[in-house]
Amino acid sequence: MRVSFEEMRTLRAKLWLTVLIASWLALAAHSSITNAAVGHAVPGDFATITAALGAAVPGDTILVAPGVYSASSNGETFPLNLSTDSLYLIGAGTDLSIIDAESTSTALICDGAVGSRISGFTITGGWADRGGGVWLKQETSMEVDHNLFLANGARLLGAGMMVDADAWVHHNVFWESFDTDTTDEQDPHGVRFQRDAAGVFEHNLVGRTDGNGLIVSSTAAPSVRHNIFYQNGAPAPGRRGRGICWFSTAPLVVYHNVFFDNEVAALLVPDLGGDYSGEEANDLFSDDGIYGNLDADPLLVDPDNGDLHLAWGSPAIDAGDPGLPGDPDSTVADIGPFYFDQSGGGIPRRETGARPVLVALSGPFYPGIKLRFALAEPALISLAVYDIHGRRLAMLADGGYGAGEFTVTWDRTDFGGRKVGSGVYFAGLRAGDSLVIVKLIVVN
């Protein structure tokens, strides 16, 4: 689907309105974010993400509060550049923290960062020759998760994201990525893995790109699994659009994906003869890395109005690889970024549901600090401890949890087993797109 410049302006205007409303509603809930890490909160300690990235050192966490971050709204300079190792850039959620490049350049470039992470943003308005939304350059190792890449464009390569690196890209939505110049023969694709890029591309939704959804070229060798490729392509004249184009010389590893209504075909593999449906590709060879793929409507709740969750009866439910970890509701993994919660009476899980609760139970003089957290619904969570500089000291919980209350204890040691000194620390609980932070006092 071609996205015009006027449509992009209307879309961004709607995003601004959504954020203004959401910011008022969420101000109290997220007020702790601005005090979470001295010198590493935006806009509490730095007015811009640009400034926070420029001051970051390895091990930092930058927590970004609700708002629109653009050149016109708060003076951001694009492209944002993340080049620091072990740096976590964490937004308050896709409905709340919005990075808008306003059609001026790539939104965010990651150059040489190892062990870093980008999570919890809407990234929109990227406009470049290469890598409109995010460009992960060589010598980089990144985790990119739980983001919405919305209406980003490129002329040549990677409208939503371009990957030249080792990357774990998961639980993202790439929606309405587009070609900024349809007069030439280039097709930038929604997502591109190239050079010797590797890693895993899983539990993503790539939809309504005006060309191909995902291209893998050169010697890139990602594992592509548990994704939905939805209505990618453009009709005649200039008809184009597959779910995946595999031009890499590396063997295909494409399994348990759902393909629906892509203009030309689900999968193009020139070395294996051309275009195939997902199910045809499953049957090419008995011992290759192509299996378990489906050609079916995933039954998204309301894709025209932005609700991309699975409806009850979706063929994507329980359609993941049974040999891989399942969903937090203890069922086989669903395909796509949002799982359907089968433990709650058939209610689809929503990333913007009830916020989790986090409470520190023990006083400063106890041997350990107990933390109790409560989840209103099953979620993938992480609970970590940070110092006042935003450096992550300990991971207390990480993985899928069901609804209910849980208690963990921090023994006041860091990853190396060393006792921390007296002072102020912070515990941060991330569940889906929600982030809750509490202050911890240690007195030795």
Side-chain angles (χ1 to χ4, degrees), residues 49 61-64 80 82 85-99 107-110 113-124 126 131 133-136 140-150 152 158 160-163 165-175 177 190-191 193 197-207 214 222-228 257 308-309 320 324-328 333-339 349-353 356 378-384 392 395 397-401 428-436:
I49 300 173
T61 295
I62 298 171
L63 301 173
V64 181
L80 302 175
L82 195 165
D85 292 349
S86 303
L87 174 65
Y88 278 26
L89 179 63
I90 307 295
T94 58
D95 289 344
L96 298 172
S97 297
I98 297 177
I99 295 173
L108 198 155
I109 291 176
C110 303
V114 175
S116 297
R117 181 184 181 194
I118 305 164
S119 181
F121 294 94
T122 285
I123 297 173
T124 189
V134 167
W135 184 357
L136 306 183
T140 295
S141 174
M142 291 287 300
E143 179 181 1
V144 181
D145 65 287
H146 294 90
N147 301 288
L148 168 60
F149 291 79
L150 181 62
N152 295 287
M161 174 183 286
M162 188 162 74
V163 183
D166 292 339
W168 181 23
V169 181
H170 65 98
H171 294 92
N172 302 283
V173 174
F174 298 87
W175 197 250
S177 304
V191 179
F193 277 73
V200 179
F201 187 80
E202 64 178 342
H203 287 293
N204 301 291
L205 167 59
V206 184
L214 169 69
S223 293
V224 181
R225 63 197 189 197
H226 294 175
N227 305 288
I228 298 173
N257 300 281
L308 305 177
H309 296 81
L324 292 176
D327 290 330
D334 299 341
I335 293 175
F338 309 114
Y339 79 88
R349 175 180 182 268
R350 298 176 184 272
E351 295 289 344
T352 55
L380 292 171
I381 70 104
S382 63
L383 175 58
R392 190 159 48 120
M395 180 66 73
D398 190 23
Y401 282 71
L429 171 65
R430 182 173 182 89
D433 277 350
S434 295
L435 178 65
V436 179

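Along the sequence shown, residues are numbered consecutively beginning with 1.
Distance NE2/His226 to CG/Asn257: 8.0 Å, rounded to 0.5 Å. The CG atom of Asp327 sits 7.0 Å away from atom NE2 of His203, with the distance rounded to the nearest 0.5 Å. With rounding to the nearest 0.5 Å, the separation of CZ in Phe121 from CD1 in Ile49 is 5.0 Å. With rounding to the nearest 0.5 angstrom, the CG atom of Leu80 is 9.0 Å from the CD1 atom of Ile123. Residue Leu205 holds its CG atom at 11.0 Å from NE2 of His309, rounded to the nearest 0.5 Å.
In this structure, Ser86 contributes its side chain and Ser116 its backbone to no donor-acceptor pair below 3.5 Å. In this structure, the side chain of Ser97 engages the main chain of Ala92 through a donor-acceptor pair within 3.5 Å. For the pair Asn172 (side chain) and Leu148 (backbone), a donor-acceptor distance under 3.5 Å is absent.
The shortest distance between side-chain heavy atoms of Val163 and Pro222 does not fall below 4.5 Å. Under the 4.5 Å side-chain criterion, counting only non-hydrogen atoms from C-beta, Pro328 is in contact with Tyr339. The shortest distance between side-chain heavy atoms of His146 and Thr94 does not fall below 4.5 Å.
Ser119 pairs with exactly one of His170, His171, Arg430 by the side chain to side chain donor-acceptor pair (under 3.5 Å) rule, that one being Arg430.
Checked against side-chain contact (heavy atoms from CB on, under 4.5 Å), Ala198 has the following partners two or more places apart in sequence or in another chain: Asp166.
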